[in-house]
Visitor: 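Structure in C-alpha cells, see below.
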Amino acid sequence: MELIFMVEDRVLGPTLLKNPVRKLVEPRNRVLKRIKKYIGDGMSVLDAGSGPGYYTEELLKAVGMSGTVAAVDPNPKSISELKKLNYGNLTAVVGSATDLKFEDNSFDFVFSNLLLCCVYNYKKALEEMIRVLKPNATSYISVSRSFINVKPGINADEWKEILSKFKVLETGEGITDRWAVVQKI
Ligand SMILES: C[S@@+](CC[C@H](N)C(=O)[O-])C[C@H]1O[C@@H](n2cnc3c(N)ncnc32)[C@H](O)[C@@H]1O
C-alpha cells in the first residue's frame with residue numbers, strides 16, 4: 001500500500017538542514033569520501049536540492065577557483081544563505097530539479113544528496129539531472145530509506161529503477177540512506 005504523505009515536494013529550510021546537531025549525526029565526511037575521487041579541479045558541478053549548502057562549500061573547495069558550482073533549491077531562504085558564501089564561481093538559484101534552467105550536457109558532476117526522496121515527481125527530476133549531465137559524466141545520488149511506502153519517497157523497487165538508468169560505479173546502503181555514484185550512459 002502506498003501512503004501519499006504530500007502531493008507536493010518536501011521543501012526544507014536552513015533551520016533543519018544547517019544546524020549544529022546535523023554535524024554530529026551526519027558528518028559531512030561520510031558523503032565526501034564517497035565522491036572524493038570523482039570531483040576535481042576545474043569541474044562544473046550541479047548541487048541539485050542544495051538546501052542552504054551543507055555540502056555546497058565542500059563542492060566549491062573540490063573544484064577550486066577554475067571550477068564552477070551551481071546550486072538549485074526551491075527554498076529562497078536556503079538560496080539566500082548560499083549567496084552569503086560569496087564565491088565568484090557559485091551560482092545559486094531558486095528553482096526546481098524538475099525544471100532545470102541549464103543547457104543539455106552542461107555538467108561534469110551532479111550531486112544530489114537526499115533530493116529525490118523529497119520530490120513528488122522524482123522521475124522528472126531524474127530525467128532533468130540526466131539531461132544536464134555531460135556524456136559519460138558522473139553523479140552522486142542518495143535517498144533516505146523509508147520502511148513504509150510513503151510519497152514523496154523512494155522505495156527499494158524505485159531505487160533499483162533509478163539505478164537502471166545509469167552505469168553504476170559504486171553503491172551502498174546505510175541504516176538511513178541508499179547511495180550510488182553513477183555514470184551517464
Ligand atoms: C533532505 S534535503 C537535502 C538538502 C541538501 N542536499 C543537503 O544534503 O543538505 C532535500 C532538499 O531538497 C529540496 N527540494 C525539495 N523539492 C525540490 C525540488 N523539486 N527541486 C530541488 N530541490 C528540492 C528541499 O528544499 C531540501 O533543501
Side-chain angles (χ1 to χ4, degrees), residues 5-32 34-35 38-39 41-134 137-144 151-154 177 179:
F5 175 62
M6 290 196 313
V7 289
E8 290 169 357
D9 298 346
R10 200 175 294 134
V11 177
L12 307 174
T15 316
L16 191 71
L17 296 172
K18 219 175 179 186
N19 68 69
V21 179
R22 186 170 181 198
K23 282 190 184 153
L24 300 174
V25 293
E26 192 196 324
R28 284 189 186 91
N29 241 356
R30 194 186 298 161
V31 168
L32 295 175
R34 296 172 185 163
I35 59 172
Y38 301 100
I39 307 191
D41 255 8
M43 285 174 67
S44 56
V45 173
L46 171 66
D47 188 356
S50 60
Y54 191 63
Y55 290 101
T56 319
E57 200 164 5
E58 299 298 329
L59 298 173
L60 281 157
K61 285 182 200 158
V63 301
M65 289 309 291
S66 57
T68 56
V69 174
V72 176
D73 199 284
N75 189 319
K77 286 189 187 149
S78 291
I79 295 302
S80 301
E81 282 292 306
L82 270 173
K83 286 187 172 155
K84 287 185 202 157
L85 289 178
N86 217 8
Y87 275 80
N89 54 345
L90 169 66
T91 313
V93 288
V94 176
S96 174
T98 57
D99 182 22
L100 292 171
K101 308 294 184 201
F102 301 106
E103 300 288 320
D104 297 358
N105 308 321
S106 46
F107 291 96
D108 296 306
F109 191 88
V110 172
F111 179 80
S112 91
N113 189 57
L114 305 178
L115 164 71
L116 295 177
C117 46
C118 286
V119 179
Y120 191 75
N121 191 354
Y122 76 89
K123 289 186 181 175
K124 181 67 182 152
L126 187 67
E127 210 177 284
E128 282 288 87
M129 284 161 51
I130 294 172
R131 178 182 69 75
V132 301
L133 268 175
K134 290 180 185 172
T138 45
S139 179
Y140 175 80
I141 302 176
S142 74
V143 297
S144 57
K151 293 286 159 227
I154 303 292
D177 69 346
W179 65 273

Visitor: Heavy atoms, side chains only, cut-off 4.5 Å: are Met129 and Leu116 in contact?
Guide: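 Heavy-atom side-chain distance check passes, below 4.5 Å.
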Visitor: Kindly indicate whether the side chain of Tyr54, heavy atoms from C-beta on, has any atom under 4.5 Å from the side chain of Lys23.
Guide: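 Answer yes - side chains close enough.
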Visitor: Is the backbone of Phe102 close enough, under 3.5 Å, to the side chain of Ser106 for a donor and an acceptor to pair up by distance?
Guide: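 Not confirmed, Ser106 side chain does not pair with Phe102 backbone.
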Visitor: Please check if the distance between the ring centroids of Tyr38 and Phe109 is under 6.0 Å.
Guide: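 No: the rings miss the under 6.0 Å criterion.
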Visitor: Quick one: pull up CG in Asp104 and CD1 in Ile130 and give me the separation to the nearest 0.5 Å.
Guide: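 Separation between the atoms: 12.5 Å.
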Visitor: If you measure from CD on Glu128 to CG on Asn121, what distance do you get to the nearest 0.5 Å?
Guide: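 Taking CD in Glu128 and CG in Asn121, the distance rounds to 10.5 Å.
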Visitor: After noting the C-alpha distance and the side-chain angles of Phe107 and Val45, does the key distance pass the side-chain contact (heavy atoms from CB on, under 4.5 Å) rule?
Guide: CA-CA 6 Å; Phe107 291 96; Val45 173; 5.6 Å; no
Visitor: Below 4.5 Å, heavy atoms only, C-beta onward: do Val132 and Val110 meet side chain to side chain?
Guide: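 In short, these two side chains touch, coming nearer than 4.5 Å.
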Visitor: Report yes or no: is the cationic atom of Arg34 (NZ for Lys, CZ for Arg) closer than 6.0 Å to the six-membered ring centre of Tyr140, at no more than 45° off its axis?
Guide: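 Because its charged atom misses either the 6.0 Å distance or the 45° angle limit, Arg34 does not stack over Tyr140.
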Visitor: For Leu82 and Leu90, work out which heavy atoms get closest and say how close.
Guide: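 So the two residues come closest at O-CD2, 3.7 Å.
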Visitor: Between Asp9 and Tyr120 (side chain of the first, backbone of the second, donor and acceptor by atom type, cut-off under 3.5 Å), is there such a pair?
Guide: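 Judged by distance alone, yes, a pair lies under 3.5 Å.
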Visitor: Can you run down the side chain to side chain donor-acceptor pair (under 3.5 Å) pairs that involve residues 85-96, sequence neighbours left out, and say none if there aren't any?
Guide: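 Output for this query lists Glu57-Tyr87, Ser96-Thr98.
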Visitor: Provide the closest heavy-atom pair for Asp73 versus Gly49 in the form atom of the first, atom of the second, distance.
Guide: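 In this case the closest contact between Asp73 and Gly49 is OD2-C, 3.5 Å.
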Visitor: From Thr56 OG1 over to Lys61 NZ, what is the distance, rounded to the nearest 0.5 angstrom?
Guide: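 Going from OG1 on Thr56 over to NZ on Lys61, the span is 11.5 Å.
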Visitor: Taking the side chain as C-beta and beyond, is there a heavy-atom pair between Leu12 and Asn75 under 4.5 Å?
Guide: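 Answer no - side chains too far apart.
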Visitor: Closest approach of Thr15 and Asn19, non-hydrogen atoms and distance?
Guide: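 For Thr15 and Asn19, the tightest heavy-atom pair comes out as O-ND2, 3.3 Å.
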Visitor: With a cut-off of 6.0 Å (strictly less than), are more than 12 heavy atoms of other residues, nucleotides or ligands near NZ of Lys123?
Guide: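 For Lys123, atom NZ is not crowded (no more than 12 foreign heavy atoms under 6.0 Å).
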Visitor: Does any non-hydrogen side-chain atom of Ser112 lie less than 4.5 Å from one of Ile141?
Guide: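 Yes. Closest side-chain heavy atoms under 4.5 Å.
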Visitor: Return the CG to CD1 distance between Asp108 and Ile39, rounded to the nearest 0.5 Å.
Guide: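 It is 10.0 Å, given to the nearest 0.5 Å.
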Visitor: Quick check: closest heavy atoms across Ser78 and Gly13, and the distance to 0.1 Å?
Guide: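 The pair with the smallest heavy-atom distance is OG-CA, 3.9 Å.
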Visitor: How about Asp47 and Val72: do any of their side-chain heavy atoms sit closer than 4.5 Å?
Guide: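 Side chain of Asp47 against side chain of Val72, heavy atoms only: no contact under 4.5 Å found.
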Visitor: Examine the side chains of Asn113 and Ser142 and answer whether a donor and an acceptor come within less than 3.5 Å of each other.
Guide: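 Asn113 vs Ser142: donor-acceptor pair found between side chains.
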Visitor: Hey, what do you get for CG (Asp41) to CE (Met65), rounding to the nearest 0.5 Å?
Guide: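 Here the interatomic distance stands at 11.0 Å.
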Visitor: Provide the closest heavy-atom pair for Ser44 versus Lys134 in the form atom of the first, atom of the second, distance.
Guide: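 Nearest heavy atoms, Ser44 then Lys134: OG-NZ, 4.1 Å.
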Visitor: Using the rule side chain to side chain contact (heavy atoms under 4.5 Å, CB included), only one of Leu100, Thr68, Leu133, Val69 pairs with Leu46; which is it?
Guide: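 Single side chain to side chain contact (heavy atoms under 4.5 Å, CB included) partner of Leu46 among Leu100, Thr68, Leu133, Val69: Leu100.
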Visitor: Take Arg22 and Leu17 through the test side-chain contact (heavy atoms from CB on, under 4.5 Å) and record every step on the way to the result.
Guide: CA-CA 7 Å; Arg22 186 170 181 198; Leu17 296 172; 3.9 Å; yes
Visitor: Take a 6.0 Å sphere around NZ of Lys18 and say whether it holds more than 12 heavy atoms from other residues, nucleotides or ligands.
Guide: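 For Lys18, atom NZ is crowded (more than 12 foreign heavy atoms under 6.0 Å).
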Visitor: Look up atom OG in Ser50 and atom CZ in Phe111, then write down how far apart they are to the nearest 0.5 Å.
Guide: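 Going from OG on Ser50 over to CZ on Phe111, the span is 10.0 Å.
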Visitor: May I ask you to test the Cys118-Pro152 pair for a side-chain heavy-atom distance under 4.5 Å?
Guide: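 Side-chain contact under 4.5 Å: no.
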